[in-house]
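Below, chains carry the letters A, B, ... as their sequence lines are ordered, and counting in each starts from 1. These numbers come from the heavy atoms of this one structure, side chains and all, not from hydrogens, waters or symmetry mates. None of the values given here were measured: they were computed from a predicted structure.
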Number of protein chains: 2
Amino acid sequence: MQTNQASKIFEALSSDVRLDIFRLLVRYAPGGLVQGDIARELGIPSTNLSFHLKAIVHSGLVDVEREGRFMRYKANIPLMLEIVAYLTEECCSGNPEACQRFRDASPARHILPRRLD
Amino acid sequence: MQTNQASKIFEALSSDVRLDIFRLLVRYAPGGLVQGDIARELGIPSTNLSFHLKAIVHSGLVDVEREGRFMRYKANIPLMLEIVAYLTEECCSGNPEACQRFRDASPARHILPRRLD
DNA sequence: GACATATATCAACTGATGTTGAATTATCAA
DNA sequence: TTGATAATTCAACATCAGTTGATATATGTC
């Protein structure tokens, strides 16, 4: 992963609308959702939804495919995992005890990386 | 974590410059770095660095404290962990096998969440 | 082919972001 | 208190992002 790709991915997650969309698709992975489902679920007008979906797809975080007259969107889970790894890379370099303490103290403990590194 | 706070955090990571800064500070956690160190390490002019540091601090992802005439910046690792949890929450809801497969297939396997939830 | 539905594109506007150089403030050291 | 260094603020500019309504395209159904 390169800084430039990573920052584009974070940019895709930097609007409320797109973050809601992405998290919805994460929940519905691996099957994905059709655009109309997303619109209904989140109450976003179709014009605006098209705009934001295009942005997320462009970042690579979401994939699309046509399905008749519907467009099906699926979260790119492998890329999501990669970017988590990229962000946490070499955390507390040379001080694994400090790093372990951070994880132990987190309320999200149970879903955190085994190591951050 | 609320969508709005989360999207602001991702916005803080959505520029190359800020992402480089943050990852540098993650590496140097928990001690942090002084602004001049960051400037030297990344080659960013001081005016611009001030601008971006202010933005990251405002997001909560980084903390500052004065240290004589220096400003020391430290990555907020607990918040970083929280946002990773937020992003991956309820991944593949109702299909834990699919989720496990994603993790097993990832080249970043060793640093990924135990479960994505 | 004609119609209905799903989605995309376009134009327009508003407001925010990133960068730079010059000037300013704050702190330490002599 | 003077000078040196660290960091911030300011003004100016260029660029880009988000939203909306109107219009266009694509696909399935009759």
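- Remark on the helix from dG1(C)-dC30(D) to dA30(C)-dT1(D): inter-end axis angle 30°, axes from five-pair C1' superpositions, rounded to 10°.
- Distance CZ (Phe70(A)) to P (dA8(C)): 13 Å, rounded to an integer number of Å.
- Identified under the salt bridge (Lys or Arg N to Asp or Glu O under 4.0 Å) test for residues 29-46 of chain B, with sequence neighbours left out: Asp37(B)-Arg40(B).
- Look at CE on Met71(B): it is 15 Å from C1' on dC28(C), rounded to the nearest Å.
- Atoms CG (Leu49(B)) and C1' (dT9(D)) sit 15 Å apart, rounded to a whole Å.
- Sorted by first and then second residue, the ring-ring contact (aromatic ring centres under 6.0 Å, His included) pairs with a member in residues 47-85 of chain B form an empty list; sequence neighbours excluded.
- Put simply, CG on Leu13(A) is 16 Å from C1' on dA17(D), counting in whole angstrom units.
- In this structure, Lys54(A) reaches the dT9(C) phosphate: one of its side-chain N or O atoms is under 4.0 Å from OP1 or OP2.
- A pairwise comparison of heavy atoms in Gln35(B) and Ser50(B) identifies NE2-OG, 3.4 Å as the closest pair.
- The separation between Tyr73(A) atom OH and dA6(C) atom C1' is 10 Å, rounded to whole Å.
- Evaluation of the side-chain contact (heavy atoms from CB on, under 4.5 Å) rule for Lys74(B) yields Glu65(B), Arg72(B) as partners, not counting sequence neighbours.
- The side-chain contact (heavy atoms from CB on, under 4.5 Å) test applied to Pro96(A) returns no partner, not counting sequence neighbours.
- Under the side-chain contact (heavy atoms from CB on, under 4.5 Å) criterion, Ser59(A) pairs with Ala12(A), Ile56(A), Leu61(A), sequence neighbours left out.
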Would you list the protein and nucleotides 18-28 of chain D atom pairs, both N or O, that sit under 3.5 Å from each other?
| unit_1 | atom_1 | unit_2 | atom_2 | d |
| --- | --- | --- | --- | --- |
| dG18(D) | OP1 | Arg18(A) | NH1 | 3.3 |
| dG18(D) | OP1 | Arg18(A) | NH2 | 3.1 |
| dG18(D) | OP2 | Arg18(A) | NH1 | 2.9 |
| dT19(D) | OP2 | Asn48(A) | ND2 | 3.3 |
| dT19(D) | OP2 | His52(A) | NE2 | 2.5 |
| dA22(D) | N6 | Thr47(A) | OG1 | 3.4 |

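- What you find for Ile44(B) and Leu49(B) is that their closest heavy atoms are CG2-N, 3.8 Å.
- Atom CG in Leu53(B) sits about 13 Å away from atom P in dG18(C), given to the nearest Å.
- Screening residues 15-27 of chain A for salt bridge (Lys or Arg N to Asp or Glu O under 4.0 Å), with sequence neighbours left out, gives Arg23(A)-Glu89(B).
- Remark: Gln2(B) engages no residue in a side-chain contact (heavy atoms from CB on, under 4.5 Å) (not counting sequence neighbours).
- Contact check of residues 30-39 of chain B against DNA chain D (heavy atom, cut-off under 4.0 Å) returns Val34(B), Gln35(B), Gly36(B).
- Arg103(A) contributes atom CZ, which lies 4.5 Å from atom CD of Gln100(A) (distance to the nearest 0.5 angstrom).
- Regarding His58(B), its NE2 atom lies at a distance of 13 Å from the P atom of dA16(C), rounded to whole Å.
- Atom-to-atom, CD1 of Ile21(B) to P of dA7(D) comes out at 13 Å; the value is rounded to the nearest Å.
- Counting only residues at least two apart or on different chains, the ring-ring contact (aromatic ring centres under 6.0 Å, His included) pairs with a member in residues 6-32 of chain B are Phe10(A)-Phe10(B).
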